[in-house]
Amino acid sequence: PYFQEVASRFFGVEKLLIRFDPGWDVNRSLSQALEMQVVSDHRSGYTQQGPHRGDFSVLIEQRPVRGYLSRGQMKILVYALLLAQSRLMEDRVGVAGCVLIDDVASELDGPNRAALLELLEGRSTQFFLTATEFESSLVRVAAKARIFEISKGRLTQTRSEEHTSELQSHSFISYAV
């Protein structure tokens, strides 16, 4: 449900589905599948079935997204998976993690950047966002953020008025040059 909730905000559709392939024939137990392949596995030099062969795919309105989403839309999809995973950890395990969202400005338009930042607010998970250029839209929505700049091998918290006038006190955005 977390993934559906987050992804539907970006894609505007309700029919999002994650399909899981465990990596072996589900009509057999894992041990049965491994036993049936042992001779073939020895011959090929690797285990051909098992959880290491597992995979998942995402479908929007019964269509696999691979092949028809743009790079920006795929990036949003990955963000939706990350946000869903971090929220699941917060709610079910009681653990707040640390998530890096790299190069947030590339391939995301203004409304999607704003939607992403809104989804991060109020969370106990700590998020680090990186960008190669400072963009005020990255902090406009995030009222509790700190901006850091990496320049010439040094990390410094940005203190200029134009960057910090709306910021308060939560590590949220890192600005990389």
- Where G97 and T125 come nearest, the two heavy atoms and their spacing: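 Minimum heavy-atom contact is O-CG2, 3.3 Å.
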- Query: What pair of heavy atoms forms the shortest contact from L16 to S8, and how long is it?
  - Reply: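 Heavy-atom minimum between the residues: CD1-N, 3.5 Å.
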- Query: Hey, does the side chain of H52 reach the backbone of G23 with a donor-acceptor pair shorter than 3.5 angstrom?
  - Reply: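 A pair under 3.5 Å: no.
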- Would you say the side-chain atoms of Q85 pair up with the backbone N or O of L82, donor to acceptor, closer than 3.5 Å?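 No, because the side chain of Q85 does not come within donor-acceptor range (under 3.5 Å) of the backbone of L82.
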Quick one: pull up [atom1] in [X] and [atom2] in [Y] and give me the separation to the nearest 0.5 Å.
X	Y	atom1	atom2	result
I18	F3	CD1	CZ	4.5 Å
Q49	R28	CD	CZ	8.0 Å
Q62	L17	CD	CG	6.5 Å
L100	L129	CG	CG	8.0 Å
Q48	W24	CD	CH2	15.5 Å
K75	L69	NZ	CG	14.5 Å

Validation row: [X], [Y] side chains within 4.5 angstrom (heavy atoms):
X	Y	value
L77	F10	no
V38	L34	no
R9	L119	yes
I101	F128	no
N112	Y79	no
V58	P64	no
F127	L116	no
R123	S86	yes

- Electrostatic pair D91-R87, nearest N-O below 4.0 angstrom: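 Salt bridge between D91 and R87, a charged N being under 4.0 Å from a carboxylate O: yes.
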- From CA spacing to verdict: side chain to side chain contact (heavy atoms under 4.5 Å, CB included), Y46, D41: CA-CA 5 Å; Y46 65 94; D41 289 348; 6.0 Å; no
- Message: For the residue pair R19 and F56, would you count it as a cation-pi contact if the rule is NZ or CZ under 6.0 angstrom from the ring centre and within 45 degrees of the ring axis?
- Response: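 R19 over F56 ring: no.
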- State yes or no: do V99 and I76 share one hydrophobic cluster built from I, L, V, M, F, W and Y residues joined by side-chain heavy-atom distances below 4.5 Å, directly or via other members?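 Yes, V99 and I76 fall within the same hydrophobic cluster.
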- Linking I/L/V/M/F/W/Y whenever any side-chain heavy atoms sit under 4.5 Å apart, do M74 and L108 land together?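 Result: yes, single cluster for both.
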- Message: For D55 and F20: C-alpha separation, side-chain torsions, deciding distance, then whether side chain to side chain contact (heavy atoms under 4.5 Å, CB included) applies.
- Response: CA-CA 6 Å; D55 202 358; F20 178 68; over 6 Å; no
